[in-house]
Structure formats: C-alpha cells, structure tokens
Visitor: 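Sharing a structure with you now.
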Amino acid sequence: MVILDGKKISNQIKDEIALEVSEMKQRGEKVPHLAAVLVGNDGASLTYVGSKVRSCKRIGFESTLKHLPEETTEEELLQLVSDLNEDPEIDGYIVQLPLPKHIDEQKVLMAVHPDKDVDGFHPTNFGKMALDMETFISATPYGIMELLRRYEVETEGKHAVIIGRSHIVGRPISILMSQKGKAANATVTLCHSRTKNIAELTLQADIVVSALGVPHFLKADMVKPGAVIIDVGITRVEDETKEKGYYITGDVDFDKVKEKASYITPVPGGVGPMTIAMLLKNTLLARERHRAKA
Ligand code: NAP
C-alpha cells in the first residue's frame, strides 16, 4: 500500500512555483498577487485562509487578506468584489466559503470576474472545464488529478466511484476523471445521498473518491482489495483530550481501509495541502495570462 502524500507533493509544487516566481523577479516582472476575502470568524475558514496567505509568502507571491465582519451586507461584499475585479494589482482572488446566511453565495460567486476566479467556481470557468478547454480548474479536484498524475496511478478504463455531487468537489472530479487525458479516461459513477446501496457500487470500484463530509463513512467492507482511495472529507470532531478541543478526520476509516487499498490519501496531509498548491498554481496562471494581455 502506498500513501498518496499530498503534503510532500504540494511542497514540490510550491517549490516549482517559487522557482518561477524568483525567475519573474529576476526579469523585473510583477509577481503574482492573490487576494482572499473572508467574511466573519468561522474557525475552519480562518485556518484555511491563514494557510493560503502563509503559502503565498513562502513562495514569493504578494497576498492581501480582506477580512470583513460577520454583519457585512451582501451589497458591501459585492462592492468589494467589484473593486477586486477592477484592481490591476490583483491577479486572482478567492471568496472563502461558506458565507454568512444573509448573503447569497451564488450571487457573489457570479460577480467574480472569470479571469480572476482562481477558485474556478464561476460558470464560465466550470463550463470551460466541462468542455475540456483550458481554464481555472477548482483547486480541490485539480489537486486530486495532480496527485494521481504525480504518483502515476492508473485510471484509464478503471471504474471510479465518486461519493458526493457538490459543485466544488464531487461533480467536477466526476467530469475530470471521465474526460480524455492523463489521470482520466475512467468510467465514472457519481453517488449522492439518494443513491441506493452505495456499498454495492464502492465494492466494484477500482478508485473511490469520497467527498461527503461524514467521518468514517467508507468502511473496509465497502472496499475492493487493491482499490485506490481518495479521501476528500475534512470534519472537525470535538475532543476535549486534544489541545485544540477537536481533531480532524476524513470520510474514510483509514486504519482498516489502508490494509485493503493499493493507494490511499491520509487526512490530514492528503487532498487538503494539494488544494492550496493548486490554488497557487491557478494564481500563477492568472498572472501569466494578465501579462500576456498587457
Ligand atoms: P457538500 O456540499 O456538503 O456535499 C456533500 C455531498 O455528499 C452531497 O452531494 C451529498 O448528497 C453527499 N452526501 C451527504 N451524505 C451522504 C450520504 N450519507 N451518502 C451519500 N452521499 C452523501 O460538501 P463538499 O463541499 O463537497 O465537501 C465534502 C467534504 O469535503 C467535506 O468534509 C469538506 O470539508 C471536504 N472538503 C475538503 C476539501 C479539501 O481541500 N480537502 C475541499 C473542499 C471540501 P446530496 O447532494 O444528495 O445532498
């Protein structure tokens, strides 16, 4: 069994990007600038945004954090989005989800200019991704594809069962894995909460991508020997014995499933760090595109 070490691979990708950034600097070019918008003080969101900003520093990107209070109105947020769209200094930006309940998430994501949408959530970018066109691919599915590519995991002709159909993980990874190309050409089954007998499907799977957010959902008796297991889930489970008062776990019963798997991602240290690395890669791409247009 091989652990798909997202931490290691994401560090390699960051090193590769850092090298490109230092070459940009030597040529006297502007370096990529990523902005992150965070509304409110959700603990997990603060952690994610914090590590995105730290990663920018590490690789030599400029970064800006726009941290707005919980009571920010939709109008105020849309104004900030419009300002970021117009700001020539910013190459790409993300609006950290979830947004507070009084703000229409879709309205905000639709307002992000597709050329700066390094999260790849805008319909223009999602549509291009679905049509095999070059675009910003959402960082989490992009990270999964990159992990599979770098470990040369065979996907062609394999049966991939995806659990979860969200617009940011399950749906896009189901599209990407069924497309032509490297780490793709799989036959894909997409499951969700209305799917009957998920275990019957996962038992047929050569590759399982679990993205539902239910701790230890995927048990060893649901997995075929030799299967490749990608655990996207990140859930904070309260635990008073831990210093932070919680621990992080995935969707997979890791200790038992790893005994049957050929490859498996750990949580933490699997898909999570890859997501950040691919966001940085998208930001680099945004900078290159803006430079080409200038
Ligand atoms: P989401 O929007 O809540 O979607 C969850 C999906 O799982 C839905 O399609 C839902 O079905 C399905 N589902 C829920 N319970 C199920 C069940 N018992 N059986 C079968 N399907 C079930 O979640 P998400 O945003 O995709 O995130 C999923 C998990 O990945 C979360 O733990 C999240 O924290 C994590 N995540 C990790 C990263 C990373 O970087 N590693 C990035 C994003 C998300 P319905 O559509 O029928 O409701």
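The first residue in the sequence is number 1, and the count goes up from there. Since this is a predicted model, take the numbers as computed values, not measurements. Atoms within a ligand are numbered from 1 in the order they appear, just like the ligands themselves. Side chains are part of it too, since the values below use all heavy atoms of this structure and drop only hydrogens, waters and symmetry mates.
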Visitor: Strictly by modelled atom types, are Thr47 and Arg236 linked by a side-chain donor-acceptor pair under 3.5 Å?
Guide: yes
Visitor: If you count the non-hydrogen atoms of other residues, nucleotides and ligands that lie under 6.0 Å from NZ in Lys30, is the total more than 12?
Guide: yes
Visitor: From the options Gly250, Ser166, Pro215, select the one whose nearest heavy atom is closest to atom 4 (O) of ligand 1.
Guide: Ser166
Visitor: Does the protein place a non-hydrogen atom closer than 4.0 angstrom to atom 27 (O) of ligand 1?
Guide: no
Visitor: Test of understanding: given a 4.0 Å heavy-atom threshold, classify the contact between Thr275 and ligand 1 as side chain, backbone, both, or neither.
Guide: side chain
Visitor: Tell me, which protein residue and heavy-atom name are nearest atom 6 (C) of ligand 1, and how many Å apart are they?
Guide: Gly164 CA, 3.6 Å
Visitor: Starting from atom 15 (N) of ligand 1, which protein heavy atom do you reach first, and at what distance in Å?
Guide: Leu212 CD1, 3.8 Å
Visitor: Check whether any N or O atom of Tyr48, backbone or side chain, sits under 3.5 Å from an N or O atom of ligand 1, and answer yes or no.
Guide: no
Visitor: Could you state the interatomic distance from SG (Cys56) to NE2 (His33), rounded to the nearest 0.5 Å?
Guide: 8.0 Å
Visitor: Salt bridge between Asp91 and Arg287, side-chain N to carboxylate O under 4.0 Å?
Guide: yes
Visitor: Taking all non-hydrogen atoms of both residues into account, name the closest pair between Leu201 and Val161 and its distance.
Guide: O-CG2, 3.6 Å
Visitor: Should the pair Arg150-Glu16 be classified as a salt bridge under the 4.0 Å nitrogen-to-oxygen rule?
Guide: yes
Visitor: Taking the basic N atoms (NZ, or NE/NH1/NH2) and the acidic carboxylate oxygens, is any pair closer than 4.0 Å for Lys293 and Asp115?
Guide: yes
Visitor: Looking at Gly213, which atoms of ligand 1 are within less than 4.0 Å of one of its heavy atoms?
Guide: 29 (C), 31 (C), 32 (O)
Visitor: Applying a strict 4.0 Å limit to heavy atoms, is Gly170 in contact with ligand 1?
Guide: no
Visitor: State whether Arg289 and Glu134 are salt-bridged, where the test is any N-O pair (Lys NZ or Arg NE/NH1/NH2 against Asp/Glu carboxylate O) under 4.0 Å.
Guide: yes
Visitor: Does ligand 1 have a heavy atom under 4.0 Å from the side chain of Val169, from its backbone, from both, or from neither?
Guide: side chain
Visitor: Would you mind finding which of Ile234, Val267, Ile173 brings a heavy atom closest to atom 33 (C) of ligand 1?
Guide: Ile234
Visitor: By number and element, which atoms of ligand 1 are closer than 4.0 Å to a non-hydrogen atom of Ile168?
Guide: 25 (O)
Visitor: Among all protein non-hydrogen atoms, which one is nearest to atom 30 (O) of ligand 1, and what is the separation to 0.1 Å?
Guide: Val232 O, 3.4 Å
Visitor: May I ask you to list the atoms of ligand 1 that are less than 4.0 angstrom from any heavy atom of Ala211?
Guide: 5 (C), 6 (C), 7 (O), 28 (C)
Visitor: Please write down residue, atom name and distance for the protein heavy atom closest to atom 8 (C) of ligand 1.
Guide: Arg165 N, 3.9 Å
Visitor: Counting each atom of ligand 1 from 1 as listed, which ones have a heavy atom of Ile198 under 4.0 Å away?
Guide: 19 (N), 20 (C)
Visitor: Is it the case that the side chains of Asn85 and Tyr93 hold a donor-acceptor pair, with the cut-off being a distance below 3.5 Å and no angle test?
Guide: yes
Visitor: Salt-bridge test for Glu29 and Arg291: reply yes if a basic N is under 4.0 Å from a carboxylate O, no otherwise.
Guide: yes
Visitor: Quick one: which of Gly233, Ser193, Pro98 has a heavy atom closest to atom 10 (C) of ligand 1?
Guide: Ser193
Visitor: Give the numbers and elements of all ligand 1 atoms closer than 4.0 Å to a heavy atom of Phe217.
Guide: 18 (N), 19 (N)
Visitor: Hey, is Thr195 one of the residues with a heavy atom under 4.0 angstrom from ligand 1?
Guide: no
Visitor: Considering only non-hydrogen protein atoms, determine which one is nearest to atom 42 (C) of ligand 1 and report residue, atom name and distance to 0.1 Å.
Guide: Thr140 OG1, 3.2 Å
Visitor: Between Asn41 and His67, do the side chains contain a donor N or O and an acceptor N or O under 3.5 Å apart?
Guide: yes
Visitor: Check each atom of ligand 1 against the heavy atoms of Gly272 and keep those under 4.0 Å away; list them by number with element.
Guide: 40 (O), 41 (N)
Visitor: Using the side chain to side chain donor-acceptor pair (under 3.5 Å) rule, pick out the option among Lys158, His159, Lys224 that qualifies with Asp206.
Guide: Lys224
